[in-house]
Every structure is written in C-alpha cells, then in structure tokens.
Amino acid sequence: LGEAAIAECDWQHAVSELAQCSVALAGDADLAATLAACYLQLRDDDAAAERVQQALAAEPDHRLANAVAARLTEPE
C-alpha cells in the first residue's frame, strides 16, 4: 500500500503505511530511505534526516539515502 501511495504522490498515506513496516524491518536501508524521501516531500526535514541516518547506518553508499541527504543540505 505504501508503494501505491507513492505512485499517487500521497505522501502522508505513504509515510503512514511505510512507518508501520519499518517497525518490523528496522535495519532495512531501502525502507528507511524511501521514508526519508516521503518526509522530504512533506517538508518534514527532521523526520527525513532521522530516516536518512538510519538508512546510511545500514548501507553507507545507499543511492536514495545519499540523494535525500544532499537535498537536505541544499540552501533554500
């Protein structure tokens, strides 16, 4: 359901669905990075940064996590 919400750009629903999965899949870099990207779309930079840190801790070279991290450090 989270993937479907992402496809529809329903970021809040995506976060809700993916966050439920993240409890069971705590060390999953893909899930954490996807959540970070959704939080970024919602302009929740603190939550995005937290998920980026989780993703990069699990997989330092994770492409999406590093892309979100770069976006978080861009000047507005």
Side-chain angles (χ1 to χ4, degrees):
L1 292 174
E3 296 286 330
I6 291 170
E8 295 174 6
C9 297
D10 184 352
W11 307 116
Q12 191 62 51
H13 187 220
V15 163
S16 177
E17 293 294 329
L18 294 173
Q20 290 177 18
C21 295
S22 71
V23 174
L25 303 170
D28 188 299
D30 290 333
L31 181 58
T34 302
L35 268 166
C38 291
Y39 280 123
L40 188 66
Q41 291 296 324
L42 292 170
R43 301 186 193 287
D44 187 342
D45 291 354
D46 291 337
E50 181 180 336
R51 294 302 182 156
V52 162
Q53 289 176 357
Q54 290 173 353
L56 293 176
E59 190 177 325
D61 294 328
H62 196 279
R63 181 186 261 164
L64 178 58
N66 280 296
V68 173
R71 291 274 312 273
L72 288 169
T73 59
E74 287 179 355
E76 292 186 33

For this session: Locate the shortest heavy-atom distance separating Pro60 from Asn66; write the atom from each residue and the value.
Result: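 Between these two residues, the closest heavy atoms are O-ND2, 3.1 Å.
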
In Å, rounded to the nearest 0.5 Å, how long is the span from [atom1] of [X] to [atom2] of [Y]?
| X | Y | atom1 | atom2 | value |
| --- | --- | --- | --- | --- |
| Leu40 | Leu35 | CG | CG | 12.5 Å |
| Leu64 | Glu59 | CG | CD | 10.5 Å |
| Asp30 | Arg63 | CG | CZ | 12.0 Å |
| His62 | Thr34 | NE2 | OG1 | 6.5 Å |

Exercise. Which residues satisfy the side chain to side chain contact (heavy atoms under 4.5 Å, CB included) test with Ala69, sequence neighbours excluded?
Worked result: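 For Ala69, the residues satisfying side chain to side chain contact (heavy atoms under 4.5 Å, CB included) (neighbours in sequence not counted) are Val52.
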
Problem set entry | Counterpart residues, side chain to side chain contact (heavy atoms under 4.5 Å, CB included), relative to Ala32 (two or more places apart) |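 Listed in chain order: Gln54, Ala55.
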
Exercise. Linking I/L/V/M/F/W/Y whenever their side-chain heavy atoms sit closer than 4.5 Å, directly or via other members, would Leu31 and Tyr39 fall into one cluster?
Worked result: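 Same cluster.
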
